[in-house]
Amino acid sequence: MAALNTQERSAGVETSQHSNMRPMPLAKRTSFDGVTIAFHWATVLIVLGLLTTALWHAQSHDDMTKALMLRIHRSLGVSVWMATAFRLAWRMTNAKLPPFPDEMTDIHRMLVKITEYCLYALLIVQPLTGFVATIARGRSFLLFWWHVPPLMPHFPTLRTVLLSAHRIGAWTFGILIMGHAVAALIHYFVLRDNVLQRMAPVTGIQRSVRKFSLGTRDSQTSFGR
């Protein structure tokens, strides 16, 4: 009987050691560097502000509200342009970009790259079209807390063309953002790979800690039997 208890205790210890020695997903996972992650989520917040102010401006019938939303929208546009410029400079110099998951096909990787390049292009071009359209009015305007005097004469044709390009870019931008978000959720909930965790490491940490806790709890239960 004592020998049997000794064997069970030894088996429990081995089970506990085996559970504790399970490779944690966090150790295997490679993520973007902290600066790139900060730029990404700062851009997300600014773009949400841009979309909100644009919709609010379009739906409002109050002149004061429309002017305020346009001022905020214009200021956020300059902010996202500057953030994107710094982000691209960081990406080309010091950024740490993790490789694609091994299970991703070449076509899938190509689509991801094309979408990424299109998003970067719109983050640069979209604020420029809106800002130049503002300047083409030939009037002074408010940017952040500063009063900017007229910078050029009124060019109605140029302004009309730029506003049309700005609207088309906005719709294109919205479609790409929705596709980007849906793809990230599919990777997380359906494919269950580490694509989303690479840009949101807190999610990966929580998942890894949860799995580690469950493994430890199972090992303790085995040891107590």
> With H187, which residues qualify under ring-ring contact (aromatic ring centres under 6.0 Å, His included), at least two apart?
Replying inline: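 Scan of H187 (ring-ring contact (aromatic ring centres under 6.0 Å, His included), adjacent residues dropped) gives H108.
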> What pairs with F173 under ring-ring contact (aromatic ring centres under 6.0 Å, His included), at least two apart in sequence or on another chain?
Replying inline: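 Result, ring-ring contact (aromatic ring centres under 6.0 Å, His included) vs F173: none returned.
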Are [X] and [Y] connected, step by step, through hydrophobic side chains (Ile, Leu, Val, Met, Phe, Trp, Tyr) whose heavy atoms are closer than 4.5 Å?
X	Y	value
F189	L196	yes
F86	V35	yes
L76	L162	no

Separation of [Y] [atom2] from [X] [atom1] (nearest 0.5 Å):
X	Y	atom1	atom2	result
L122	I168	CG	CD1	11.5 Å
M104	L191	CE	CG	9.0 Å
I46	L51	CD1	CG	12.0 Å
Q59	M69	CD	CE	13.0 Å
Y120	L88	OH	CG	5.5 Å

>> Using a 3.5 Å distance criterion without hydrogens, assess whether the side chain of K96 forms a donor-acceptor pair with backbone atoms of F32.
In response: no
> Under 3.5 Å, is there a donor-acceptor pair between the side chain of R198 and the main chain of L97?
Replying inline: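 Side chain of R198 to backbone of L97, a donor-acceptor pair under 3.5 Å: no, none is there.
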Quick check: do [X] and [Y] have side-chain heavy atoms less than 4.5 Å from each other?
X	Y	answer
L176	T115	yes
Y188	V195	no
M82	V78	yes
K113	F100	yes
R74	L70	yes
V47	L123	yes
I72	W56	no

> Hydrophobic cluster mates of W171, side-chain heavy atoms under 4.5 angstrom, ILVMFWY only, any path?
Replying inline: none
> Under 6.0 Å from the CE atom of M64, do we count more than 12 heavy atoms belonging to anything else shown?
Replying inline: no
> Should we count CD of E103 as having more than 12 external heavy atoms under 6.0 Å?
Replying inline: yes
Where do [X] and [Y] come nearest, in terms of heavy atoms and distance?
X	Y	answer
A165	Q126	O-OE1, 4.3 Å
T129	H166	OG1-ND1, 2.9 Å
H73	L50	ND1-O, 3.1 Å
L128	I124	CG-O, 3.3 Å

> Sequence neighbours excluded, which residues qualify as side chain to side chain contact (heavy atoms under 4.5 Å, CB included) partners of H40?
Replying inline: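 Per chain and number, H40 pairs via side chain to side chain contact (heavy atoms under 4.5 Å, CB included) with V44, R87, H180, M199.
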Which donor-acceptor pairs under 3.5 Å do the side chains of residues 130-153 make with protein atoms, sequence neighbours left out?
| unit_1 | atom_1 | unit_2 | atom_2 | d |
| --- | --- | --- | --- | --- |
| T134 | OG1 | G130 | O | 3.0 |
| S140 | OG | H147 | NE2 | 3.3 |

> Taking only residues two or more places apart in sequence, or in another chain, which ones meet W90 in a side-chain hydrogen bond (donor to acceptor under 3.5 Å, both in side chains)?
Replying inline: D33, T36
>> Walk me through whether I114 and M110 qualify under side-chain contact (heavy atoms from CB on, under 4.5 Å).
In response: CA-CA 6 Å; I114 292 175; M110 181 183 65; 4.0 Å; yes
